[in-house]
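Owing to the predicted nature of the structure, the values given are computational and were not obtained by experimental measurement. The figures here come from the full heavy-atom set of this structure, side chains too, leaving out hydrogens, waters and symmetry mates.
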Amino acid sequence: MKLIKIICIMFLISIPLFSEEFEEFKLGEKQQFEGNKLFDKMVQSIGDVHWITTIRTIGSANQPMEFGTLSFPVLVEVKFPGNLRIKFEDKEFIIEKNSGWQKYQKGYYENLPEKYINTISGNLDRNLIQIARSKTDYVIKFTGKKTIMERECYELELIKDEFKITLYIDLEMQLPAQMIYAVNDKQIVRTYLEYKVIDGIKYPIHTISTDIEGNLISEMKIETIEFNVKLDSNK
């Protein structure tokens with residue numbers, strides 16, 4: 001009889017704990033349901049991206065320096081799912097899945113350390129076309145609302161393994177207004193200022209990146225966008 005009483009007491013004590021876990025589970029399910037629904041609306045607004053296999057963009061970057069602003073042209077080529085080429089000033093970096101090289105002007109290549117490969121390939125993971133193509137790779141949650149530059153936005157959290165993005169989607173346009181992500185443990189805020197329709201796809205052509213305190217890191221303006229162009233074989 002004493003043992004039965006102890007079991008009953010333990011059961012009664014555990015009820016609130018199970019109840020709290022169940023409520024958290026229900027909240028998590030609701031957040032994911034809303035997050036996936038809002039993500040789908042964003043993709044519809046961007047356009048059908050699944051036919052896109054390659055992207056080439058040409059533009060210019062502005063970076064604040066100690067004595068002014070440095071401006072230089074930037075070429076970016078993407079081949080889905082994992083190839084990336086970035087060329088600016090006298091630097092050229094090539095990523096092919098889990099391998100990477102720096103190409104020098106004299107034509108020779110140098111292997112990139114794994115840390116640099118991960119840092120550079122992060123640009124591909126944050127490409128909006130890549131994100132829109134890769135919904136099933138993420139756990140997506142709706143986590144609230146926030147006003148970004150006088151634009152009311154939904155806040156989504158996208159998580160893939162250790163990779164996390166906080167995405168703010170403009171309620172009116174249903175397009176990303178801002179993205180927060182980490183590079184080498186440093187939080188970066190990328191704000192989307194302008195989109196342009198190219199072949200039915202709304203593509204960001206003017207962005208600024210700042211640190212979490214609002215200090216400008218870079219400004220990017222894209223002048224040329226091409227989809228499904230034939231890219232040179234990096235190898």
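- Within the 4.5 Å cutoff, no side-chain heavy atoms of Asn98 are placed close to those of Ile117.
- Between Glu92 and Arg85 there is a salt bridge, since at least one side-chain N of the basic residue sits less than 4.0 Å from a carboxylate O of the acidic one.
- Judged by distance alone, the side chains of Gln63 and Ser218 never bring a donor and an acceptor atom under 3.5 Å apart.
- Distance CG/Leu128 to CG/Leu175: 8.5 Å, rounded to 0.5 Å.
- Minimum heavy-atom separation, Arg190 to Arg126: NH1-O, 3.8 Å.
- The heavy-atom pair separating Pro176 from Tyr192 by the smallest distance is O-CB, 3.5 Å.
- Residues Leu124 and Val78 are in side-chain contact: their nearest non-hydrogen atoms beyond the backbone lie under 4.5 Å apart.
- Applying side chain to side chain donor-acceptor pair (under 3.5 Å) to His206 and the options Glu219, Lys221, Lys196 leaves one that passes, Glu219.
- By the 4.5 Å heavy-atom criterion applied to side chains, Val43 and Lys135 are not counted as neighbours.
- Looking only at side-chain heavy atoms (C-beta outward), Ile46 and Tyr195 stay at 4.5 Å or farther from each other.
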Take Phe93 and Thr119 through the side-chain contact (heavy atoms from CB on, under 4.5 Å) test and state the conclusion after the steps. CA-CA 11 Å; Phe93 299 99; Thr119 298; over 6 Å; no

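- Under a hydrophobic-cluster definition in which Ile, Leu, Val, Met, Phe, Trp and Tyr are linked whenever side-chain heavy atoms come within less than 4.5 Å, directly or via other members, Ile159 and Leu167 are assigned to different clusters.
- Tyr116 is not listed as a side-chain neighbour of Ile95, based on a closest heavy-atom distance of 4.5 Å or more.
- Looking at heavy atoms from C-beta onward, Thr54 lies out of side-chain contact with Glu77 at the 4.5 angstrom threshold.
- Phe142 and Leu156 get closest at one heavy-atom pair: CA-CD2, 3.8 Å.
- Heavy atoms only, all atoms of each residue included: Pro81 and Gln130 are closest at O-NE2, 3.2 Å.
- To the nearest 0.5 Å, the span separating NZ on Lys103 from NZ on Lys87 amounts to 7.0 Å.
- At least one side-chain heavy atom of Trp101 sits less than 4.5 Å from a side-chain heavy atom of Glu96.
- No continuous path of ILVMFWY side-chain contacts below 4.5 Å connects Ile55 to Leu75, so the two sit in separate hydrophobic clusters.
- Within 6.0 Å of the NZ atom in Lys160, the count of heavy atoms belonging to other residues, nucleotides or ligands exceeds 12.
- A side-chain donor-acceptor contact under 3.5 Å links Asn228 to the backbone of Thr53.
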What verdict does the side-chain contact (heavy atoms from CB on, under 4.5 Å) test give for Ser45 and Lys202, after you've listed the backbone C-alpha separation in whole Å, the side-chain angles of each residue and the deciding distance to 0.1 Å? CA-CA 8 Å; Ser45 185; Lys202 294 173 184 171; 3.6 Å; yes

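- Crowding of Glu89 atom CD: a count of heavy atoms from other residues, nucleotides or ligands under 6.0 Å exceeding 12.
- Environment of CZ in Phe72: crowded, with over 12 heavy atoms of neighbouring residues, nucleotides or ligands closer than 6.0 Å.
- If you chain together hydrophobic residues whose side chains sit under 4.5 Å apart, Leu38 and Leu171 fall into the same group.
- For the atom pair CD (Gln178) and CD1 (Ile148), the distance works out to 4.0 Å, reported to the nearest 0.5 Å.
- Note that the OG atom of Ser209 and the OH atom of Tyr181 stand 4.5 Å from one another [nearest 0.5 Å].
- Between Phe39 and Ile169, the closest side-chain pair of non-hydrogen atoms is not below 4.5 Å.
- Remark: the backbone N or O of Lys115 is not paired with any side-chain donor or acceptor of Asn118 at under 3.5 angstrom.
- When Lys146, Gln174, Met42 are each tested for a side chain to side chain contact (heavy atoms under 4.5 Å, CB included) with Tyr154, only one passes: Gln174.
- Under a hydrophobic-cluster definition in which Ile, Leu, Val, Met, Phe, Trp and Tyr are linked whenever side-chain heavy atoms come within less than 4.5 Å, directly or via other members, Val74 and Ile208 are assigned to different clusters.
- Across all non-hydrogen atoms, the minimal contact from Pro64 to Ile217 is CD-O, 3.3 Å.
- The backbone N or O of Lys186 sits nowhere less than 3.5 Å from a side-chain atom of Asn184 that would complete a donor-acceptor pair.
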Walk me through whether Lys164 and Glu157 qualify under side-chain contact (heavy atoms from CB on, under 4.5 Å). CA-CA 7 Å; Lys164 176 182 174 181; Glu157 187 179 83; 3.2 Å; yes

Could you go through the side-chain contact (heavy atoms from CB on, under 4.5 Å) check for Phe163 and Leu158 one step at a time? CA-CA 8 Å; Phe163 182 70; Leu158 280 63; over 6 Å; no

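- Annotation: the span from Leu216 atom CG to Thr69 atom OG1 amounts to 8.0 Å, rounded to 0.5 Å.
- Taken together through direct or relayed side-chain contacts under 4.5 Å among Ile, Leu, Val, Met, Phe, Trp and Tyr, Leu193 and Ile198 form parts of separate hydrophobic clusters.
- For Glu114, the CD atom is loosely surrounded, since the number of other residues' heavy atoms within 6.0 Å does not exceed 12.
- Summarising the geometry, atom CD belonging to Gln102 is positioned 8.5 Å from atom OH belonging to Tyr108; distances are rounded to the nearest 0.5 Å.
- Across all non-hydrogen atoms, the minimal contact from Glu110 to Tyr104 is OE1-OH, 2.7 Å.
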